[in-house]
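Data first, discussion second: the structure below is written as structure tokens.
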2 protein chains.
Amino acid sequence: MAEMQAMPPEVEGSEATERVLQILSTSARLFATTGYDGTSMRDIAQACNISKSLLYHHFADKDEIFARITLGSTRELVQFVEGRLPEGAAPSVRIRAFMAATGEYFQRYRWAWIASTTAFWNDPQQRRQTERMLWRDRYEGLIRRLIEEAIEVGEIRPLDVPLAGRLVLSALNWMHRWHKQDQGMPAPEVAEAYFDMIFHGLKR
Amino acid sequence: MAEMQAMPPEVEGSEATERVLQILSTSARLFATTGYDGTSMRDIAQACNISKSLLYHHFADKDEIFARITLGSTRELVQFVEGRLPEGAAPSVRIRAFMAATGEYFQRYRWAWIASTTAFWNDPQQRRQTERMLWRDRYEGLIRRLIEEAIEVGEIRPLDVPLAGRLVLSALNWMHRWHKQDQGMPAPEVAEAYFDMIFHGLKR
DNA sequence: CCGGACCCTGACCGACCGGTCAACGAGGGG
DNA sequence: CCCCTCGTTGACCGGTCGGTCAGGGTCCGG
């Protein structure tokens, strides 16, 4: 179950030819492992076994490749997670599902996820990142709303909601720094273990 | 209290001239904001108002500047935190102090910290990072030992210690992605609030 | 058979990269 | 006075960067 795929479904332009998909998934892996500045167009072309010029036939420039990956990945993450929240369930159950779904998304689309979460968080000149930030805000807004609902129904004690949300997201967003593919606990289980620790507390 | 300083005390070589310190602190800020590959030696020289050649008079190459920052910062972090654990106190109190001290270190040496925590985590060719990794392991070993002690004395329920340690470190290591200087809650308070959430749990 | 659309290529561009080098001026000891 | 050290500089190096360009090959509709 839940094997790793190259890229999330880029439904948008519906112009996802094989070549374009190859370029995107290869670039995602390179961006994730060596960073944006550390990945040259020559590197990408070579890893795809195509000429550098062909990259510019399919994409306007390096930044467009990167933006496609990060924007697409972030948008899909939100929709993926939203689609996996059990409707009508208790808020705490939905928070747990939120975390597990994020873990599963990370496991599936590892490279795109890593490229995305490590990207330009402080770039003064927000390139094409504004739309991506909107999705990111929606993602963060979602976990905050779930926490608020849990407080309202009395499952969670009153506390600093933005900070609690950041605690949850920090645990998830830092996973790529230590979690290995096909080794140790699967990411969704890690996410659920995190939930249990955070929800019930470490205290005996 | 706890105002920000440029660089942690680089006692080591005792050759911390003003110029060297200026180069290190300026480089740390640049590396932290634009990354290693995104920061050129020309950028550093210009930001210091010196010639590029002078950088090579004080340092062998770009990598040495970076290694000095990350290694020095990591080593100092461990010693800083170790020196702030109240001896004889209960393990949970020491865990709280561990987190608060890390928050304070982040606040003081912000740029060096960020450059350090975002550095080459997956570099295949470990440049001069091996010694730094030793300190990093010692830091992670420290929080794990504190958690184990808390379990032994019954303050914390039996659980996956490495995972609990990662939860704590994730919260701290992700702070730089959202915490702003001189705005909002000071970093040590954030760290303590994190501890309270994790230790007592969100559950009502 | 022609023409255009679509993939695809190698040669090439100016800019910038990390790093080197010879030399200069100031200061101090002999 | 000379000479040596030290902080400092601008000119320069080969190589790589992101990006451009003219054109080749192939397939398909007219």
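All chains are named by letter (A, B, ...) in the order of the sequence lines, taking the proteins before the strands, and each is independently numbered beginning at 1. These values consider heavy atoms only, across backbone and side chains, with no hydrogens, waters or symmetry-generated copies.
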Rounded to whole Å, CZ of A:F31 lies from C1' of D:dG18 at a distance of 12 Å
If you draw the axis of the six-membered ring of B:W174, does the NZ or CZ of A:R166 fall within 45° of it and under 6.0 Å from the ring centre? no
To the nearest angstrom, the CG-P distance between B:D43 and C:dA15 comes to 17 Å
For residues 63-86 of chain B, the ring-ring contact (aromatic ring centres under 6.0 Å, His included) pairs (sequence neighbours left out) are B:F31-B:F66, B:Y36-B:F66, B:F66-B:F120, B:F80-B:Y105
For C:dC16, does either OP1 or OP2 sit under 4.0 Å from a side-chain N or O belonging to B:S40?
no
Taking only N and O in the side chain of A:R19, is any of them less than 4.0 Å away from OP1 or OP2 of C:dC8?
yes
The salt bridge (Lys or Arg N to Asp or Glu O under 4.0 Å) partners of A:R145 (sequence neighbours excluded) come to none
Only distances under 3.5 Å count here; give the side-chain donor-acceptor pairs of residues 89-98 of chain A to other protein atoms, sequence neighbours excluded, each with its distance to 0.1 Å.
residue, atom, partner, partner atom, Å
A:S92, OG, A:E155, OE1, 3.3
A:S92, OG, A:E155, OE2, 2.8
A:R94, NH1, A:P86, O, 3.0
A:R96, NE, A:D196, OD1, 3.3
A:R96, NH2, A:D196, OD1, 3.4
A:R96, NH2, A:D196, OD2, 3.1

note: A:L55, atom CG; C:dT9, atom P; distance rounded to Å ~ 10 Å
Among the nucleotides C:dG19, C:dC8, D:dG7, whichever has the atom closest to the side chain of B:L54 is D:dG7
Determine all donor-acceptor pairs shorter than 3.5 Å in which one atom belongs to a side chain in residues 20-28 of chain A; sequence neighbours excluded.
residue, atom, partner, partner atom, Å
A:Q22, OE1, A:R19, NE, 3.1
A:Q22, OE1, A:R19, NH2, 3.3
A:Q22, NE2, A:C48, O, 3.2
A:S25, OG, A:L21, O, 3.1
A:S25, OG, A:Q22, O, 3.2
A:T26, OG1, A:Q22, O, 2.8
A:S27, OG, A:I23, O, 2.6

Taken to the nearest whole Å, CZ/A:F59 to P/C:dC7 is 12 Å
Sorted by chain and number, sequence neighbours left out, ring-ring contact (aromatic ring centres under 6.0 Å, His included) with A:Y56 holds for none
Is A:R144 salt-bridged to A:E140, cutoff N-O under 4.0 Å? yes
Between B:H58 and D:dT8, does any side-chain N or O lie under 4.0 Å from OP1 or OP2? yes
Rounded to whole Å, the NZ-C1' distance (B:K62 to D:dT16) equals 13 Å
Per atom distances to the B:H57 side chain, the nearest of D:dT8, C:dC8, D:dG18 is D:dT8
From OH of B:Y56 across to P of D:dG7 the rounded distance in Å is 18 Å
Please tabulate, one pair per line, each protein N/O and nucleotide N/O from nucleotides 12-14 of chain C that are separated by under 3.5 Å, including the distance.
none

A:I50 has its side chain closest, among D:dG18, D:dT8, C:dT9, to C:dT9
note: A:D63, atom CG; D:dG19, atom P; distance rounded to Å ~ 8 Å
Atom CD of A:E18 and atom C1' of C:dC6 are separated, to the nearest Å, by 16 Å
Which of D:dG7, D:dT9, C:dG19 is nearest the side chain of B:S51? It is D:dT9
